[in-house]
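Computation of the quantities below employed the complete heavy-atom set of this structure, encompassing side-chain atoms and omitting hydrogens, waters and symmetry-equivalent molecules.
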Amino acid sequence: MSNETSTSANKTSTTAYDPTQIEARWYRYWEDGGFFRADASSGKPTHVIAMPPPNVTGRLHMGHGLQDTVQDAYTRLRRMQGYEALWIPGLDHAGIATQNVVERTLKKTEGKTRHDLGREAFVERVYDWKEEYGEIILQQKRRLGVSADWSRQRFTMDEGFSRAVQHVFVKLHEQGLIYKGDYLVNWDPGSGTVISNEEVDNVERDGHLWWIQYPFVEGEGHITIATTRPETMLGDTAVAVNPDDDRYRTLIGKKVLLPLAGREIPIIADAYVKADFGAGALKVTPAHDENDFALGQRHGLDSVTVIDFDAKINENGGHYAGMDRFAARKTIVADLEKAGLLEKVEPYRHTVPISSRSKQVIEPLLSPQWYVRMQPLADRALGVVRDGTITFHPDRWKNEYFRWLEDIRDWPISRQLWWGHRIPVWYYTDDRGEIDEHRPFVVSVDQPEPGMVQDEDVLDTWFSSWLWPFATLGWPHETDDLKTFYPGTVLVSGYDILFFWIARMIMAGLHFTDEVPYTDVFITGMIKDKQGRWMSKSLGNGIDPLDMIEQYGADAVRFTLSVLCAQGQDIKLDPAKFEGGRNFANKIWNAFRVFGRFMVTDVAGRPVSDHVRTRSFDELDLVERWMLTRLQEGIRDITASMDRYRISEAANRIYDLFWRDYCDWYLELIKPTNGADGELRTMDPDKLALAVEIYEQLTKLLHPFMPFITEDLWWRLRPREEDEACIAAGWPEADGALEDADAATAFSLIQDLVTAVRSVRAQYNVPPSKGIAVTVNVDADRADLVAVLDVNRATFASLAGVDTLSFGTSLAKPKASAAVVVDRHEVFVPLAGMIDLDQERARLTKEIEQKQGFLRGVERKLANENFVSRAPEAVVEKERQKAADARAEIAKLEANRDDLG
RNA sequence: GGGCUCUUAGCUCAGUUGGUUAGAGCGCUACGUUGACAUCGUAGAGGUCACUGGUUCGAAUCCAGUAGAGCCCACCA
């Protein structure tokens with residue numbers, strides 16, 4: 001079944017880098033080789049990151065891609081720097097999210113609800129789900145190159161972790177920080193559980209304001225109230241007015257007849273009521289509104305619950321009982337209208353609480369729940385950020401953190417779910433097996449006495465997540481891991497879970513371990529689509545990182561994300577941006593080939609002998625000393641940027657160092673060219689050795705960002721022992737002995753001169769193949785440069801495509817030549833037959849005008865008394881130098897223009 | 001109602017102790033394939049750094065205000 005189609009359509013250059021060939025292989029090598037595993041007994045300084053555990057139901061998305069790229073870059077960097085670098089991975093059981101998914105699947109595939117199965121069987125199903133799908137996302141992370149210590153992988157519901165969670169509950173209870181209370185909670189009818197304030201989104205919606213008349217019990221007339229939720233009127237227990245409202249002052253204490261319900265309720269006065277809003281009179285429903293609940297408490301009102309946990313009107317709602325809350329609203333409004341009690345309806349835009357889980361409207365309901373008193377925990381957490389023990393990057397996020405903690409509320413931690421940690425509270429039962437309300441409950445991890453039953457509810461997912469940095473290390477046991485790796489170093493996360501998780505981890509760390517869980521918090525921006533919208537399933541605008549890895553390679557994806565990850569700003573991601581990363585990987589690959597093809601290798605492509613330079617630094621060519629100098633600067637800059645958590649700065653720096661310096665200049669100069677006969681020349685072994693030496697350093701600098709390609713090339717550079725991997729190599733350190741400021745200056749001058757010559761060539765369309773003669777008239781004050789240039793004439797000539805080169809300080813301008821002034825030096829390019837005198841004159845004139853404009857600006861500054869007297873001497877001197885240079889250059893340009901006749 | 005962020009080249013964005021002739025990538029223009037890379041090279045065009053005022057010898061950078069965009073908090077029915 002041979003087919004020979006599409007050979008040309010698939011034509012790809014054999015020289016292009018192909019990541020698919022190598023990524024899986026190197027990952028296996030690292031993982032099997034134990035390179036990710038941290039050793040608690042090494043005695044090295046530690047660097048620890050606790051990976052935000054993804055949900056067991058999760059699939060890798062770009063947010064993970066970004067955050068894992070950052071975490072992996074730091075883990076690899078510190079590992080190379082000699083730290084015992086531990087990155088702990090794991091999974092979060094994600095209570096509501098997971099239960100919802102499994103319930104939906106159950107419904108779809110078997111048409112059953114969880115109640116059909118029963119608790120035990122249902123939880124069994126969720127475990128099955130977890131076993132089957134939980135690992136997927138961690139496998140996906142491996143594709144990205146995540147170098148986490150999989151041997152230490154944890155799950156928030158594994159046995160040890162569960163014990164830790166329950167231990168914490170018991171401890172907090174002992175400390176009086178956990179209580180059970182009957183309060184108004186955020187009931188999510190969609191998920192059938194309570195949720196915390198943080199899980200509620202306040203969304204602006206178009207609604208109505210209904211004006212309803214409540215008739216007086218005695219005498220004629222009525223009072224009008226305005227409400228957005230008429231269905232709750234069935235539970236009204238008062239009407240409230242402002243005590244200073246003249247319209248209603250005389251009505252306070254009177255009774256009204258609650259329409260439809262037929263109950264008598266009082267008119268009360270409370271300053272909370274705003275006289276200028278709505279009708280100025282407020283219906284009070286303590287059982288279904290937070291403000292009304294507070295009002296009820298102040299005035300000793302009854303609470304009448306009329307909406308049940310299924311979001312339907314209950315038996316207190318008379319003949320509305322059984323109706324869904326929104327259906328009831330319609331019916332009630334219609335009934336009021338029929339009764340002539342509906343005064344008017346206004347369109348009204350207001351905020352409605354929506355469950356971030358199920359997207360359904362939250363129903364505030366009275367319900368007994370467990371709470372954590374947060375104030376004592378919050379105070380310490382505020383302190384450690386205020387005093388700088390913990391630093392946020394970028395800094396501004398600490399303000400959000402403060403704001404939340406300064407106004408902390410108690411945390412409702414019980415959830416009416418089946419998937420999660422059972423609350424470790426036990427109840428005595430009576431003869432019929434029912435909970436005996438008369439006997440006190442017992443808080444205990446294990447069943448205190450036979451026959452006692454455990455609380456039905458489970459704990460909020462975050463009640464386990466907040467222990468992540470230390471419970472993953474074995475806490476509450478004093479394990480070696482805990483002693484060695486706690487506290488951790490840095491936490492990397494998006495700002496979306498600053499309150500849910502980051503702040504709570506800090507509180508938990510301080511409270512339970514007396515330590516901050518980490519000293520740095522790296523907050524990434526969120527990934528948006530090209531147009532700045534959130535990526536979502538419904539919009540279908542998500543970009544799958546795995547698709548991108550397939551298409552461009554993991555290194556390309558990582559590098560691109562690193563570059564984009566600037567200062568916590570949100571990232572508008574266009575998938576085309578990964579091309580930049582792919583192109584860079586390709587450049588890295590091909591740069592190696594420049595010198596790599598001169599190495600003798602075995603079948604695996606590994607060199608059979610080492611290449612070690614024999615020349616001393618002083619014996620190196622100018623470009624080589626320049627390149628080494630640039631390399632040392634690069635090492636310092638990149639390391640410093642990473643230390644300051646400026647990962648995009650570091651990524652950009654290595655990109656420039658590699659592409660602009662190493663490839664564009666250094667490699668261009670040292671690469672052998674073909675001989676006249678077309679035969680490829682050999683490469684000078686010592687030049688090759690230095691090329692390898694520098695490339696090896698660059699490989700290491702690139703490794704935290706692009707681990708796969710660097711590991712692969714690493715083995716092509718030198719013969720190595722099996723465990724001498726790039727991932728385990730030492731991070732480069734800048735070496736002052738490999739720096740030469742004079743060489744850097746001299747080469748930089750050559751770069752400028754070469755660019756000037758190329759520019760002339762381009763302007764006059766001189767083909768590269770055509771050799772030219774160039775005369776450089778060095779500025780008289782810098783005569784020393786003549787010798788420098790002379791020594792490096794071959795360098796110059798090769799870069800600029802020059803046949804004949806003349807250097808001097810008083811050389812005459814050749815006939816019919818173009819002139820360029822660079823740093824006060826003149827570059828003459830004879831262009832007999834090609835030069836257009838008018839064009840050249842115009843070009844020079846434009847150049848002169850530009851320079852004159854610049855000079856005027858500088859002179860204006862220098863003419864300013866205040867500038868000269870107040871600015872630092874060095875700044876003034878710099879300006880004087882600029883002016884002098886500009887004047888000299890203008891003079892030379894003018895002379896050259898005049899010379900054209 | 002409070003708070004935060006953003007506004008810099010056609011597009012996406014860098015630019016922290018205030019002193020540059022304001023940068024990058026993509027896109028655009030011209031030229032270029034005799035063995036590293038066309039996923040490339042060389043040379044270029046392109047910006048009153050949103051606006052107004054202030055501080056300063058000097059502002060894209062600091063301060064105040066204005067306008068637009070976005071986000072987070074918040075109990076006005």
Across the strands shown, which category fits [X] at heavy-atom distances under 4.0 angstrom: base, sugar-phosphate, nothing?
| X | answer |
| --- | --- |
| A:Arg533 | nothing |
| A:Phe293 | nothing |
| A:Val858 | nothing |
| A:Tyr272 | base |
| A:Lys882 | sugar-phosphate |
| A:Glu579 | nothing |
| A:Pro872 | base |
| A:Lys577 | sugar-phosphate |

Legend entry - Six-ring centre of A:Trp665, A:Arg758 cation under 6.0 angstrom, axis tolerance 45°: yes
Legend entry - Interatomic spacing from NZ in A:Lys344 to NE2 in A:His208 - rounded to 0.5 Å: 14.5 Å
Legend entry - From CD1 (A:Ile647) to SG (A:Cys565), nearest 0.5 Å: 6.0 Å
[N] OP1/OP2 closer than 4.0 Å to side-chain N/O of [X]:
| X | N | answer |
| --- | --- | --- |
| A:Asn590 | B:U39 | no |
| A:Lys274 | B:A77 | no |
| A:Thr755 | B:U42 | no |
| A:Tyr495 | B:U5 | no |
| A:Lys587 | B:C37 | no |
| A:Arg758 | B:A43 | yes |
| A:Trp659 | B:G41 | yes |
| A:Arg396 | B:C72 | no |
| A:Lys572 | B:C13 | yes |

Inset, instruction - Specify the residue among A:Glu204 and A:Arg229 whose closest nucleotide of RNA chain B lies further upstream toward the 5′ end. - result: A:Glu204
Inset, instruction - For A:Lys530 and for A:Arg409, locate the closest nucleotide of RNA chain B by heavy-atom distance; then report the residue assigned to the nucleotide nearer the 5' terminus. - result: A:Lys530
Inset, instruction - Determine whether the aromatic ring centres of A:Phe595 and A:Phe592 lie less than 6.0 Å apart. - result: yes
Inset, instruction - Would you please indicate if the ring centroids of A:Trp404 and A:Phe499 are separated by under 6.0 Å? - result: yes
Inset, instruction - Tell me, with the steps shown, if A:Leu301 and A:Ile268 meet side chain to side chain contact (heavy atoms under 4.5 Å, CB included). - result: CA-CA 10 Å; A:Leu301 300 175; A:Ile268 60 168; 4.1 Å; yes
Proximity to the side chain of [X] - top-ranked nucleotide from [options]:
| X | options | result |
| --- | --- | --- |
| A:Asn586 | B:A36, B:U42, B:U39 | B:U39 |
| A:Phe277 | B:A77, B:A74, B:G44 | B:A77 |
| A:Arg597 | B:G35, B:C37, B:U42 | B:G35 |
| A:Asn765 | B:A30, B:A77, B:A38 | B:A30 |
| A:Gln569 | B:U5, B:C76, B:G25 | B:U5 |

Between [N] atom [atom2] and [X] atom [atom1], what is the distance in whole Å?
| X | N | atom1 | atom2 | answer |
| --- | --- | --- | --- | --- |
| A:Tyr662 | B:A36 | OH | C1' | 11 Å |
| A:Ile772 | B:A43 | CD1 | P | 13 Å |
| A:Leu573 | B:C11 | CG | P | 19 Å |
| A:Lys528 | B:C71 | NZ | P | 7 Å |
| A:Arg582 | B:C26 | CZ | C1' | 13 Å |
| A:Asp664 | B:A36 | CG | P | 14 Å |
| A:Leu667 | B:G41 | CG | C1' | 13 Å |
| A:Lys770 | B:U42 | NZ | C1' | 19 Å |

When the [atom1] atoms of [M] and [N] are compared, how many Å lie between them, rounded to an integer?
| N | M | atom1 | answer |
| --- | --- | --- | --- |
| B:G27 | B:G46 | C1' | 11 Å |
| B:A50 | B:U33 | P | 43 Å |
| B:G3 | B:A74 | C1' | 11 Å |
| B:U7 | B:C49 | C1' | 10 Å |
| B:C71 | B:G15 | C1' | 23 Å |
| B:G41 | B:A64 | P | 45 Å |

Inset, instruction - Toss me the dot-bracket line for RNA chain B: Watson-Crick and G-U wobble, both under 3.5 Å, 5' to 3', using | for pairs to another strand and [ ] for crossers. - result: ((((((((.[[[[.)...(...]]]].(((((.......))))).....[[[[[..)....]]]]])))))))....
Is any side-chain N of the basic residue among [X] and [Y] closer than 4.0 Å to the acidic one's carboxylate O?
| X | Y | answer |
| --- | --- | --- |
| A:Glu400 | A:Arg403 | yes |
| A:Asp270 | A:Arg298 | yes |
| A:Glu849 | A:Lys846 | no |
| A:Lys851 | A:Glu889 | yes |

Legend entry - Smallest separation among heavy atoms of A:Leu365 and A:Ile307, with atom names: CD2-O, 3.3 Å
Inset, instruction - Have a look at A:Phe392 and tell me which of A:Phe402, A:Tyr495, A:Tyr401 forms a ring-ring contact (aromatic ring centres under 6.0 Å, His included) with it. - result: A:Tyr401
Inset, instruction - Look at the side chain of A:Gln763 and the base of B:A30, then say whether one donor and one acceptor between them are separated by less than 3.5 Å. - result: no
Inset, instruction - Record whether the side chain of A:Lys671 comes under 3.5 Å of the base of B:A36 through a donor-acceptor pair of N or O atoms. - result: yes
Report each atom pair, protein N/O against N/O of nucleotides 58-65 of chain B, whose distance is under 3.5 angstrom.
none

Inset, instruction - Decide whether A:Ser748 and A:Gln751 meet the rule of one side-chain donor and one side-chain acceptor closer than 3.5 Å. - result: no
